[in-house]
Number of protein chains: 2
Amino acid sequence: MRKNRKGCDVPDATILRLPLYLEKLKLLQAIGVEDVSSRQLAESLDIKASQLRHDFHYFGGFSRPGRPYQVDKLVPALEKIIGIAEPVPTAIVGAGHLGQALANYQNLEMQGFPVRGIFDVNPKLIGLDFRGRQVQDMDEMEAVISKENIKIAILTVPAANAQAVTDRLVAAGVVGIFNFAPTDLKVPATVAVRNERLAVGIMSLSFKVKCILENQALDGPAC
Amino acid sequence: MRKNRKGCDVPDATILRLPLYLEKLKLLQAIGVEDVSSRQLAESLDIKASQLRHDFHYFGGFSRPGRPYQVDKLVPALEKIIGIAEPVPTAIVGAGHLGQALANYQNLEMQGFPVRGIFDVNPKLIGLDFRGRQVQDMDEMEAVISKENIKIAILTVPAANAQAVTDRLVAAGVVGIFNFAPTDLKVPATVAVRNERLAVGIMSLSFKVKCILENQALDGPAC
DNA sequence: AAGATGTTGTTATTGCGATAACAGCACAAG
DNA sequence: CTTGTGCTGTTATCGCAATAACAACATCTT
């Protein structure tokens, strides 16, 4: 009989839209737009206005009835909800090609997720510099996580090592794992995992491409 | 009044699970497992067996009632459905950090998506070699797409250029776009787009992490 | 041989997210 | 002041995906 859990009973589908709202709002803010209606914002994101209002309703009180949303109020409100009102320090674990690409990806820091540590076991990679930060031996991982108060880790190690590294991360106090390894991770219920599988993405695309091509071959000339 | 469209009226949710099924089955195949029941396969993927059978039912005839699935039959059947029975040539457009990482990502080729072209406009990047393939000037893009019969492109250019490049890809005959740029692309109805937004992923993770930490602070010691 | 167990294919039910509908408020115009 | 338009917050409805249920079939054991 736990309580409301502070609005954590929000559907996943809604959570995934929050970053899109924030992104568009920041864009509007940058070009000096002050007010925006649910209809305007929704149309620019190809969704229905009622869905946007419904999403916002989980948190409530972004505006008052009759008045459009104020961009300058909404941006910080969303940032607070998402949890990026303050910069969120992160660690990249695994400095292979993908880890390096993410270490170079300045957008991450701009979105509020500065990289405060890059780790690998490969001696050849240790010491490599990415945007002023050097790859460290994985032995130092726990110490850095603790010192920098890192709660989110980006996991880019080979699938075979993913679970072992995950266990270390959880033990070190990490609460969220952004998993790029093609493996399901076992974690306690108090740890959030988001799997990002490139293979799934490109295969689902391949399925649709196959369908399109087959249908073009069938009734294409007739259309 | 179009016909069945050859089984293309499959829910997105199901399509996204097909690669997971295939992956697990290949793993089983590699260790010599011959038969597998819907229950076994589903449990290893943390889903319900009825959902797996329901998914398979869209395509039909993987097994006969009473008999478990045969791994050696199922793998090629799924590959055919997904459209990767034959290797699917792809192009990487944008040879920045992310494009380079994907060019180095040998897993793509192993999964059936060999990279047959890497393109960029930056003269400093042209000629760089990734696994035996060199970055080419984007002027050559259309010719290569046509010659190699490329239908799927991986888009890793800056958001500002994404739409212009997309238009060129579509005109050149590309039917599927794996979009890593944080922008919504406008394409004809006969082109499939899959957006892969890293920022969305990490922000949804941040939201959950914030919830976990807040709840731990609230009722953590009591539990 | 017969029953127990386990399996798939298929249909029915449930549950939840997307959409629509509406009530109440704000502001502008006449 | 009154009316009209447009907006949000909230509730109700709809539709689809996830789950459960069941019928038909195979295999093994006794």
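Throughout, protein chains are lettered first and strands after them, A, B, ... in sequence-line order, and every chain is numbered starting at 1.
Partners of A:D12 by salt bridge (charged side-chain N to carboxylate O under 4.0 Å, His left out), not counting sequence neighbours, listed by chain and number: B:K208.
Counting any heavy atom pair closer than 4.0 Å across all strands shown, B:Y69 reaches sugar-phosphate atoms only and no base atom. Note on A:S50: a base of the nucleic acid sits closer than 4.0 angstrom, heavy atoms only. Using a 4.0 Å heavy-atom cutoff across all strands shown, A:F62 reaches sugar-phosphate atoms only and no base atom. Within the 4.0 angstrom heavy-atom criterion, base atoms lie near B:R53.
Atom CD in A:E43 sits roughly 14 Å away from atom C1' in D:dG6 (whole-Å rounding). At whole-Å resolution of the value, CG in A:D35 and P in D:dG6 are 16 Å apart.
Residue A:S38 places at least one side-chain N or O under 4.0 Å from the OP1 or OP2 atom of D:dT8. Contact annotation: A:H57 side-chain N/O to D:dT10 OP1/OP2 distance is under 4.0 Å. Distances shown here put every side-chain N or O of B:R64 at or beyond 4.0 Å from the OP1 or OP2 atom of C:dG9.
Residue-environment remark: CD (B:Q106) stays at or below the threshold of 12 foreign heavy atoms within 6.0 Å. A 6.0 Å sphere centred on CZ of A:R39 holds no more than 12 heavy atoms belonging to other residues, nucleotides or ligands. A 6.0 Å sphere centred on CD of A:E34 holds no more than 12 heavy atoms belonging to other residues, nucleotides or ligands.
Between A:L52 and A:R67, the residue whose closest nucleotide on DNA chain C is further toward the 5' end is A:L52.
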